[in-house]
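Here's the structure we're looking at; comments come further down.
Quick note on labels: first sequence line is chain A, next is B, and so on, each numbered from 1. Only this structure's heavy atoms are used, side chains among them; waters, hydrogens and symmetry mates stay out.
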Protein chains: 2
Amino acid sequence: MKQYDHPAPEDFTLAGILHALADPFRLSVVRKLMQHQPQACTPLQGGRPKSSISHHFMVLRKSGLLRTEVVGVTHMNSLRLQDMEARFPGLLAAVLAAAEQEEMPAPQPVA
Amino acid sequence: MKQYDHPAPEDFTLAGILHALADPFRLSVVRKLMQHQPQACTPLQGGRPKSSISHHFMVLRKSGLLRTEVVGVTHMNSLRLQDMEARFPGLLAAVLAAAEQEEMPAPQPVA
DNA sequence: TCCATAGTTCGAATATAATCGAACTAATTC
DNA sequence: GAATTAGTTCGATTATATTCGAACTATGGA
């Protein structure tokens, strides 16, 4: 394998993107890339075996959420923010905002 | 069964919502309810057997996307728009906008 | 009370997805 | 060119979802 195939923005499907983001591990990868881009697969793998990681990155690539470039021996991943925005404006931002929302503790009722 | 249980907004999960919306049939139900609320299950069923429909409505209920009220012999469904907005502001709107986007024909390149 | 309607529940079958070890590949370094 | 690194691919296993028929429940009406 030299490089990866990535779908064109017009081939992104909403179902594919929502399915990709519905998995907590994959969502966490997207969130981490949002903080720091690009990153290789290894620092994102959270103790899982390489074959599982590879599978999740494939799902993310096929959905259009990220691009993987082979750079020497490492495979660098970055979010396709512009392509996502062109195809489905505001979608990724809304999901990421929701992920942050979910992470916040539930507000305490006023005493 | 008298009435259904519905999760409280603070128990909505992003994964549950994305998973619910990642299915084309369930997304179509949400979109139809967006056009016209409330509706019973039957007019939304698109030729599928009742047991399948019932399953999809259960997934939608558990995710928090819709509420089902037993009214006489029919079960009326409506979107929990306020609850969704309170829990994950802008999320449903972004997904619905993306669904509309996806439905539009690809723009033709300028000759 | 009997029947029709609307939808649920059960159970089984099928399909799709996730997980992971083992063998593999491509690029880098020594 | 051998060893190392980073990640893929294969194949099997398990888990999760979907599908659907059949039997069931609750309500409303004749």
**Study point:** Pairwise 5' ranking along DNA chain C for V73(A) and R61(B), keeping only the more 5' one
**Key:**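 With V73(A) and R61(B) compared, the 5'-side residue is R61(B).
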Expressed as a whole number of angstroms, how long is the span from [X]:[atom1] to [N]:[atom2]?
X      : N       : atom1 : atom2 : answer
L18(A) : dT16(C) : CG    : C1'   : 17 Å
Q39(A) : dA6(D)  : CD    : C1'   : 15 Å
H75(B) : dA26(D) : NE2   : C1'   : 7 Å
L21(B) : dA17(D) : CG    : C1'   : 16 Å
Q3(B)  : dA26(D) : CD    : P     : 13 Å
M76(A) : dT8(D)  : CE    : P     : 14 Å
E69(A) : dA26(C) : CD    : P     : 19 Å
Y4(A)  : dT8(D)  : OH    : P     : 3 Å

Check your understanding: Between H75(A) and F57(A), is the ring centre distance below 6.0 Å?
Key ->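 Between H75(A) and F57(A), the centre distance exceeds or equals 6.0 Å.
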Exercise for review: Establish, for the pair R61(A) and Y4(A), whether the NZ or CZ atom is under 6.0 angstrom from the six-membered ring centre and no further than 45 degrees off its axis.
Suggested key: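 Yes - R61(A) lies over the ring of Y4(A), closer than 6.0 Å to its centre and within 45° of its axis.
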Exercise for review: Tell me whether V30(A) is reachable from M34(A) by hopping between hydrophobic residues (I, L, V, M, F, W, Y) whose side-chain heavy atoms are closer than 4.5 Å.
Suggested key: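 The answer is yes; both residues are in one hydrophobic cluster.
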Exercise for review: For T74(A), report the nucleic acid contact type (base, sugar-phosphate, nothing); a contact means any heavy atom under 4.0 Å.
Suggested key: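 Counting heavy atoms under 4.0 Å across all strands, the contact made by T74(A) is with sugar-phosphate only.
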Practice item. Please write out which residues are connected to V73(A) in a hydrophobic cluster, directly or through intermediates, given that two of Ile, Leu, Val, Met, Phe, Trp, Tyr count as joined at side-chain heavy-atom separations below 4.5 angstrom. Key: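 Its cluster partners, ordered by chain and number, are none at all.
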Exercise for review: Among Ile, Leu, Val, Met, Phe, Trp and Tyr joined by side-chain contacts under 4.5 Å, find the other residues sharing a cluster with M104(B) and list them by chain and number.
Suggested key: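 Cluster partners of M104(B): none, it stands alone.
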Practice item. Verify side chain to side chain donor-acceptor pair (under 3.5 Å) between H56(B) and R26(B), making sure each step is shown before the conclusion. Key: CA-CA 6 Å; H56(B) 287 299; R26(B) 290 191 295 255; 3.1 Å; yes
Write out a two-atom table: protein N or O, nucleotide N or O from nucleotides 17-23 of chain C, distance below 3.5 Å.
unit_1: dA18(C); atom_1: OP1; unit_2: R26(A); atom_2: NH1; d: 3.3
unit_1: dA18(C); atom_1: OP1; unit_2: R26(A); atom_2: NH2; d: 3.1
unit_1: dA18(C); atom_1: OP2; unit_2: R26(A); atom_2: NH1; d: 3.4
unit_1: dA18(C); atom_1: OP2; unit_2: H55(A); atom_2: NE2; d: 3.0
unit_1: dT19(C); atom_1: OP2; unit_2: H56(A); atom_2: NE2; d: 2.7
unit_1: dG21(C); atom_1: N7; unit_2: S51(A); atom_2: OG; d: 3.1
unit_1: dG21(C); atom_1: O6; unit_2: S51(A); atom_2: OG; d: 3.0

